[in-house]
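Basis for what follows: all heavy atoms, side chains included, without hydrogens, waters or symmetry-related copies. Chain letters run A, B, ... following the sequence lines, proteins first, then strands; residues in each count from 1.
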Amino acid sequence: MENRLLITSSPHIKSTRTVQGIMLDVVIALIPAAIAGVVLFGFRSLLVILASVASAVASEAVYQIAVKREVTINDFSAVITGLLLALTLPPNVPVWIPVIGSAFAIVIVKQVFGGLGANFVNPALAARAFLLAAWPLHMTQDWLNPRAYDAVTSATPLVAFNSTGQTALTFKQLFLGQRLGSLGETCILALLIGGLYLIVRDVIDYRIPLGYLGTLAIGTWVFGKPGAFFQGDGLSAMLLGGAFIGSFFMATDYVTSPVTPRGRLYMGIGAGIITLIIRLWGGYPEGVTYAILFMNLVTPLIDRYVVPRYYGYGHDEMARRKAAGGETR
Amino acid sequence: MNKSKVSLGYDFVKGFIDENPTFKLAIGMCPTLAVTTSVINGFWMGVSVVFVLAFSNVFVSALRKVIPDEIRIPVFVIFIATPVVIVELLMRAYLPAIYDILGIFVPLIVVNCLIIHRAEAFAYRQPVINSLMDGLGSGMAFTINLMVIGAIREFLGTGQIAFGSVAFPEVPLFEPAAVMLTPPGGFITLGVLMALLNIAVARVNKRKKAGSDIGYGNC
């Protein structure tokens, strides 16, 4: 008979969660947004999404085989990177753009630094920043009209919103995503379904999107209207641009966000402030990409200074230890 | 003396792999990133550095026994600044187009830490002839590095590589990535090349070690 008595050292309580399970949850949460993108912008979007995901998975496999590491494409992390990148691209981009972008994200940003868990910024966002710097015209002009599927090269509604503080779009149009914009960022309803699913499943911490969108809304309410304070349209500021997809799906990346609950709130607030500054006073129409990349870089500092209190220690004791330069973790 | 003659060849060659200024020592980064937007810029920058480096190494080495230790850095700078002015004036006179592009980076060779590094770490302790070989070797390796980085950035950033008025291929085969001509493109190219060289060196060393293990396995 099998020996039922196990004698091991702690920990005795083991989580049943796996990397694969969490990543699969994120993929599931992104599917509504992807479907919304295809419905709004047509089958071209599907091509962009498939090209991006295929390139991400292929790059990961090729790189890991080339350097003789274990091939980990079945953990879905490459799928997420490809999917996230595709959702942040204009729907009418040439198909080679997501292919190059995903390969850059996986090889240069993720694998070269050691693979999953060792990348210092979010791979999909870094790739988006690279593509924006490499082919700026494609990345800022290849829009499609929702449901009409005709190409437009005009600026997105966010540009007008940033300069005038108001938008011609109704709340319903914004909520359902009937506007110019990146493939997966426009349909707030779909993003909200995915985001709430992740929060309910306890995959992401609500503090990051809350801090991010809250800061953005309050900041826009205060400063968003030119020439007047406290009259900006904070609600539209959250719904326009990439703030929603960024705060729920990109800023919450485990590898590049703080580990403590308080630190996560600070990260959300920081990203919100930077997005606000870039939108209102910066040279780019949208600041979500750079805001989250910047906060990714600051994450180690946040983790260093936001230290949870030990059980059994008072705040005074913690402060004393910190001042003495001792180990506070 | 005999020993130094034996290592003359090594003093020349070591700059290319073992002490490659750009990819191993990571010095002289400012011109490496700033002027490598094309092959031809990299070439002329490299040639200037070869001349300055050989000149300063020879003079530092020749006078190494009379330069007081306490003020050696200012003295080195004089030996570096002199050839830099020569290069600058020559370039202005005979290659004004190149000078317009390289601009401030030619006078800035004075503070290129590759040159002061070779003076401090090598020429100040070694005979003249070794220092000359070291200067030529390091300088030529630097030139090759700049040209390789320049070639990659120019090809990806403009879609073609230009030699004077001739460009190859005549029509870009793909839509060029503007980012490669900007500083981030320089850093990405540099990082990738640095990694590749380190991988290659590690592979060769491993194979050498394995080879010697088989040969002298019983020792």
Review point. Taking only residues two or more places apart in sequence or in another chain, which ones pass ring pair (Phe, Tyr, Trp, His ring centres under 6.0 Å) with A:Phe294?
Key: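 Not a single residue meets the ring pair (Phe, Tyr, Trp, His ring centres under 6.0 Å) criterion with A:Phe294.
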Practice item. Tell me, yes or no, whether the heavy-atom count around B:Phe174 atom CZ, taken from other residues, nucleotides or ligands under 6.0 Å, exceeds 12. Key: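 Count over threshold, so yes.
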Tell me the residues of [range] whose non-hydrogen atoms fall below 4.5 Å from those of chain B, in number order.
{"range": "residues 125-135 of chain A", "value": "A:Phe130, A:Ala133, A:Ala134, A:Trp135"}
{"range": "residues 92-121 of chain A", "value": "A:Trp96, A:Phe104, A:Ile108"}
{"range": "residues 43-63 of chain A", "value": "none"}

Exercise for review: Heavy-atom distances under 4.5 Å only: say whether B:Leu156 touches chain A with side chain, backbone, both or neither.
Suggested key: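 For B:Leu156, no heavy atom lies under 4.5 Å from chain A.
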